[in-house]
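Single-structure report; data block below.
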2 protein chains.
Amino acid sequence: MRRSSEDTKSAILAAARERFGADGYEKATIRAIAGDVGVDPAMVMRYFGNKEKLFAAAAHFDLRFPDLASTPREQVGTAMVGHFLDLWETSEALQVLLRTGVTNEAAAERMREIFATQLGPLAARLCPDPATAPTRAGLAASQILGLALTRYVLRLPPVMAMTREEVVAWLGPTLQRYLTE
Amino acid sequence: MRRSSEDTKSAILAAARERFGADGYEKATIRAIAGDVGVDPAMVMRYFGNKEKLFAAAAHFDLRFPDLASTPREQVGTAMVGHFLDLWETSEALQVLLRTGVTNEAAAERMREIFATQLGPLAARLCPDPATAPTRAGLAASQILGLALTRYVLRLPPVMAMTREEVVAWLGPTLQRYLTE
DNA sequence: ACTGTAGGCCAACGGGTGTTGACATAGCTA
DNA sequence: TAGCTATGTCAACACCCGTTGGCCTACAGT
């Protein structure tokens, strides 16, 4: 069977996201990704050049944090936790970055960039003293990423067992304090 | 120059901890570890059998969380953050587990085990309703590991820039609430 | 029907990996 | 001094990796 170029390309990209997200950068091999698609590894090279560029393509997406301008200031913490849980469970994007960012410097840099450009301004707009905004954004990141790490990567049983509502109820006030108090 | 068996063995172990902690499981090669010690890779095999056993040996340590029985109940949060910062900066042990736990299932299991046996009972003794103890321990783990991730692994600038006192002041109340309220 | 080309496969390369077994040598013991 | 054992080296194996260049083949345009 013959496919269009675009079909194959996007199929490879999808498989790459899955592998990078599940195995990390080193363990995710081009051969395995190609195998998932049912295609020769040479195809991956043809369309993406090399492994690093394939990863860059797989890790490139516009991760737009929800615009919280419309939510009441006192509920910004809980709203944020909710939106983040959606993000994690909807797309594999963040999963990819978290798994690879631990051993791959490019992914770590991308993570820094995302949090600087997305969480930073949000914190700046919300917090009382603008000078403390970066610190507050960093604190929020630590709690959000810590939840993702323990829930989706390390899979600590009690963290996995929590319902969405419980997570929001527990983490909401924490983020609220980090961002606004 | 000739060394004693024990000297070489512990030198290998130290180099292994450093490599595993810096590079993760896959990227840390036996050849590189042996090279750091200035020894033939075959020595590593002779003393530790294979890579997995070397890793098990490098990741085996009794990570005893500080006994917080003597600290006043209202200060348990800040005390815990302080002790954890000490742990992270004193030994490479936790760094190894965090870096490898993301891609290596054995390390993830070890992390789960540590948090279950060490943080679990602590939470059980502190929190008001024993039924919620595991959840509370998990929440505490999420914030502690999230800090370690953003500060020591991803190295988000604002999180790196915080002083020890600032970290304690911000995270202390969070842990206090997770564990006791 | 003929041909050009895009989409895909195959075999191989150079290099790195974990791992193995044979060999060397320093230092203790008889 | 002779020999044994602990400590260590060396070369090689089999495998997997990313990557490359040549070959095939189905299809579209003429």
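Residue numbering restarts at 1 for every chain, and letters A, B, ... go by the order of the sequence lines.
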Is it true that the NZ or CZ of B:Lys51 lies under 6.0 Å from the centre of B:Tyr25's six-membered ring and within 45 degrees of the ring axis? yes
Output all residues satisfying salt bridge (charged side-chain N to carboxylate O under 4.0 Å, His left out) with A:Arg17, sequence neighbours left out; order by chain, then residue number.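 So A:Arg17 forms no salt bridge (charged side-chain N to carboxylate O under 4.0 Å, His left out) with any residue.
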Strictly below 4.0 Å, N to O, side chains only: are [X] and [Y] in salt-bridge contact?
| X | Y | answer |
| --- | --- | --- |
| B:Arg136 | B:Asp129 | no |
| B:Arg110 | B:Glu105 | no |
| B:Glu92 | B:Arg19 | no |
| B:Arg164 | B:Asp86 | yes |

Going 5' to 3' through nucleotides 9-17 of chain C and flagging B where a protein heavy-atom sits under 4.0 Å of the base, S where only the sugar-phosphate is that close, and - otherwise, we get SB-B----B
Rounded off to whole Å, could you give me the [atom1]-to-[atom2] distance for the [X] and [N] pair?
| X | N | atom1 | atom2 | result |
| --- | --- | --- | --- | --- |
| B:Tyr47 | D:dT9 | OH | C1' | 13 Å |
| B:Met45 | C:dG18 | CE | C1' | 6 Å |
| A:Asn50 | D:dC17 | CG | C1' | 14 Å |

Heavy atoms only: give me the nearest A:Ala59-A:Leu97 pair and the separation to one decimal. CB-CD2, 4.1 Å
Applying a 4.0 Å non-hydrogen cut-off, can you work out what A:Phe48 is touching in the nucleic acid: base, sugar-phosphate, or nothing?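 Nothing, no heavy atom under 4.0 Å.
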So, OP1 or OP2 of D:dA6: does either fall under 4.0 Å of a side-chain N or O from B:Ser5?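 Negative; the distance criterion is not met.
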Has B:Glu109 got more than 12 heavy atoms of other residues, nucleotides or ligands less than 6.0 Å from its CD? yes
Contacting residues from residues 6-18 of chain A, given that a heavy atom lies under 4.0 angstrom of DNA chain D: none
